[in-house]
Amino acid sequence: MNEEQLTAVLHEQGPALVVAGPGSGKTRVLTHRVAWLLSQDVRPDSIMLVTFTKKAAQEMISRVQQLSYRGAAVVAGTFHHIAYIFLRRYVSSLPDLYSKSFTIIDQGDQEKLFKLVIQSLIDQEDRRLIPKPKDFVRIVSYMHSTQMSLLDVVREEFPNYIRQMDRINSVVNGYKERKIQGNMMDFSDLLTYFLILLRDTSAGIEIKNQIDHVLVDEYQDVNALQEKIIRELSGTCKSLMVVGDDAQSIYSFRGGSAEFMLDFEDQYQSVTKYFLTKNYRSRPSILRLVNASIEYNEEQIEKQLESLRPEGDLPIVTVTSNSREQAAYVISKIQEYNESGIPFDEIAILYRARWNSLEFEKACVNSGIRYDIRGGIRFFERSHIKDVTALVTIFVNPREILQWNRILSMLSGVGEITASKIVQKIQSKSNPLTAFLTLGRNDFSSMSISSIAISSIISLQRLFTELAELDENHSGLTQINPMRFLSLCLEFLEPIHQMKFPDEDEFRERWNDVREFMSFSDRYDSLDNLLADILTMVNISTRTSKLDDKDRPIVLSTVHQAKGLEWQVVFVTWLNQGVFPHSMSLAEDNLEEERRLFYVACTRAKDFLHLTFSEYARSWQNSEGVSQFIEEIMDENVFQIFGNDIW
DNA sequence: CAACCTCTAATTTTT
DNA sequence: TTAGAGGTTG
Ligand SMILES: Nc1ncnc2c1ncn2[C@@H]1O[C@H](COP(=O)(O)OP(=O)(O)OP(=O)(O)O)[C@@H](O)[C@H]1O
């Protein structure tokens, strides 16, 4: 700890703001502050440590645990995770009728629910007049995160639907009703209900009594809703410390804005402000490059940042002719670095969009390098994995109709219609799972269900009965051991998936994922914790290739998920105009945010930074040339070029 | 009414 | 390169 850092760590009381550039030890200040508080005999569960992404949260938590053995009991994690924990404890205080077994729905399920609502409320021919399910999801989450009204969101983001407000209102209301009926919350609900809990209920008083010290990392990314939560807690806590860097604000798409940080001093009384001006992470050569780049942003405030590290190599820009070559180049460089003694897990490949990982994954597999991928196709959103989690969800929250639909229509002989008949029949019952298990011949014939369908449904009943029997000492279905639960599920699913994915290689690949999920579940002792963590805490990611398990994996990650992390060697890839910066962002006038994203990406590097670009992106996508982020700083002598000279 | 086939449109970022 | 929509068959 240097002196600047130490004074921040030892901050006594009231609100504190730490604004500082990358690698200056902001996260370190927070983690050491937690350790210091603990050493002062502050109760761990009175400390709340918050951040935005799952990965950054894990990193922060593990740093705290290294510093103090009492760290494990600190209330720490993403906003959503912390909200979930308190909601679990106090659901019954909510004004809407949720029960403790509520489950969280992800984006895909939100879309499905909107689809159901639209089908039931809007006539076929009117459906083209209103937003698509996907857009509804965006509208609703934007509404929550910016705390704007539905009308304002539509006016601002989807002005061409403004004349359909009545229909839009009824769909949004229907969506909310169905969520409550199904005991489901979406991600926005977690935060919104948490705020309600804090603000309007007696449970809120208890929570506020519990929490004395609040620490928020990456504060430049808070949105209006999260800001309200923090403000609500700040009224009663002893200290509040927020840290951030306006140049790293990259979540405007979910309402995040650095304004909340820049206004912090005006919004809170007697704010203590701390500055950290020494960069411990990156070589001066790397800082020169990012500083030259961020200069182009007019909105950024200037920060002093002095590198404490010795001079390093100039960052290297490499031009390749296509994306396969790009991947081959990166992988061969990685092997060189590894041979020179840098461990694989100190090397990362970063990119703008999730699909950008594809060629790198292939190249890793071909060369037998293990990799840990964050943001390819998301593991838990792959359809075969969702089939498994659907079964778990039904046992945790039997009212969750989306998962019933999913499981039922997966059975042979059962399609959309039969599935919805059954769901209709059981959903209004107090326990739909028991209702399902007691369906018999008479029920099936009264619903006129085909005999093939009946026999599959009976086999599902048998599975559910066996699963329920795993709850031997009747401590509740959610308490069943996940590993045992899943191994029965897998037996049931295997033949179904074999049919669904007739291509043998494809099946094998997907089934490997499923097995991986099962072994992942072993670290959990109950189904509800498993489910919640999937959505608010962890990502499964490591893909092992057959060779040397002793090697640590390299990291493939989107820039967003790399936030707050660092590696000795970083490759920032796909620097094509239209990809990074992304054309859709450019269309929305977000160039400066894209440049901040580039800034975040490059400042992850400690020692070596590579920027790569391939002339031809994809056959059907015309190449728009090299990213302007490289072109802009061409004449500044902040990098060296390898490969074809295309300028 | 489910299953199978064919064509098309879409591929930003996270919880 | 792939999911899902839409149309046809059985
Ligand atoms: N006083 C110090 N002595 C030694 N190492 C330090 C010191 N302060 C910070 N570091 C190291 O510098 C690196 C960056 O620190 P940290 O991740 O806390 O920075 P940050 O400001 O949160 O960065 P970012 O804004 O990029 O997330 C870490 O490896 C950390 O251990």
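Quick note: numbers below take in every heavy atom, side chains included, and nothing from hydrogens, waters or symmetry partners. Treat the numbers as computed from the prediction; the structure is a model and nothing was measured. Throughout, a chain's letter reflects where its sequence line sits, starting with A, and its residues are numbered from 1.
Ranked by how close their nearest DNA chain B nucleotide is to the 5' end, A:Ser585 and A:Gly413 are led by A:Gly413. Residue order along DNA chain B, read from the 5' end via each residue's closest nucleotide, puts A:Arg352 first among A:Gln110 and A:Arg352.
A ring-centre distance under 6.0 Å is found for A:Tyr193 and A:Tyr98.
Rounded to whole Å, atom P of C:dA3 lies 15 Å from atom NZ of A:Lys115. The CZ-C1' distance, from A:Arg128 to C:dA5, rounds to 18 Å in whole Å. One atom, CD1 of A:Ile452, and another, P of B:dA2, lie 10 Å apart when rounded to the nearest Å. The nearest whole Å value for the distance from the CG atom in A:Leu565 to the P atom in B:dT14 is 13 Å. In this entry the distance linking CD1 of A:Ile82 with P of B:dT15 reads 14 Å, nearest Å. The separation between A:Lys132 atom NZ and B:dA9 atom P is 11 Å, rounded to whole Å. Computed from coordinates, the A:Leu411 CG to B:dC1 C1' distance equals 15 Å when rounded to whole Å.
Between A:Phe253 and B:dT13, a base-stacking contact is recorded: ring centres under 5.5 Å apart, planes less than 30° from parallel.
C:dA5 and B:dT12 are spaced 24 Å apart, taking the C1' atom of each and rounding to whole Å.
The side chain of A:Arg354 contributes no N or O atom lying less than 4.0 Å from OP1 or OP2 of B:dT12. At B:dT13, none of the side-chain N or O atoms of A:Gln561 fall inside 4.0 Å of OP1 or OP2 (strictly under the cut-off). Phosphate proximity of B:dT12 to A:Thr558: absent, as no side-chain N or O sits under 4.0 Å from OP1 or OP2. For the OP1/OP2 pair of B:dA10 and a distance below 4.0 Å, the side-chain nitrogens and oxygens of A:Lys134 include no atom meeting the criterion.
Annotation: ring-ring contact (aromatic ring centres under 6.0 Å, His included) contacts of A:His144 (sequence neighbours excluded): none. Applying the side-chain hydrogen bond (donor to acceptor under 3.5 Å, both in side chains) rule to A:Tyr90 yields the partners A:Glu206; only residues at least two apart in sequence or on another chain are considered. Among residues two or more places apart in sequence or in another chain, the side-chain hydrogen bond (donor to acceptor under 3.5 Å, both in side chains) test is passed with A:Asp221 by A:Lys563. Scanning for side chain to side chain contact (heavy atoms under 4.5 Å, CB included) contacts around A:Glu506 gives A:Phe501, A:Asp503, A:Arg510, with sequence neighbours left out. Residues forming a salt bridge (charged side-chain N to carboxylate O under 4.0 Å, His left out) with A:Glu359 (at least two apart in sequence, or on another chain): none.
The listed nucleotides are B:dT13, B:dT15, B:dC1; the one nearest the side chain of A:Phe187 is B:dT15. Residue A:Thr418 has its side chain nearest to B:dC1 when only B:dT15, B:dT13, B:dC1 are considered. The A:Gln107 side chain lies nearest to B:dT14 when the options are B:dT11, B:dT14, B:dT13. When distances run from any side-chain atom of A:Lys421 to the nucleotides B:dT14, C:dA3, B:dC1, the shortest one goes to B:dC1.
Between A:Tyr175 and A:Phe114, the two ring planes are parallel [angle under 30°; tilted spans 30° to 60°]. Note on ring orientation: taking the six-membered ring where Trp is involved, the planes of A:Phe102 and A:Tyr84 are perpendicular (angle over 60°, cut-offs 30° and 60°).
Scanning atom types as modelled, no donor and acceptor separated by under 3.5 angstrom connect the side chain of A:Arg254 and the base of B:dT15.
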TODO: Toss me the dot-bracket line for DNA chain B: Watson-Crick and G-U wobble, both under 3.5 Å, 5' to 3', using | for pairs to another strand and [ ] for crossers.
DONE: |||||||||......
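Across all strands, A:Leu535 comes closer than 4.0 Å only to sugar-phosphate atoms, never to a base (heavy-atom distances).
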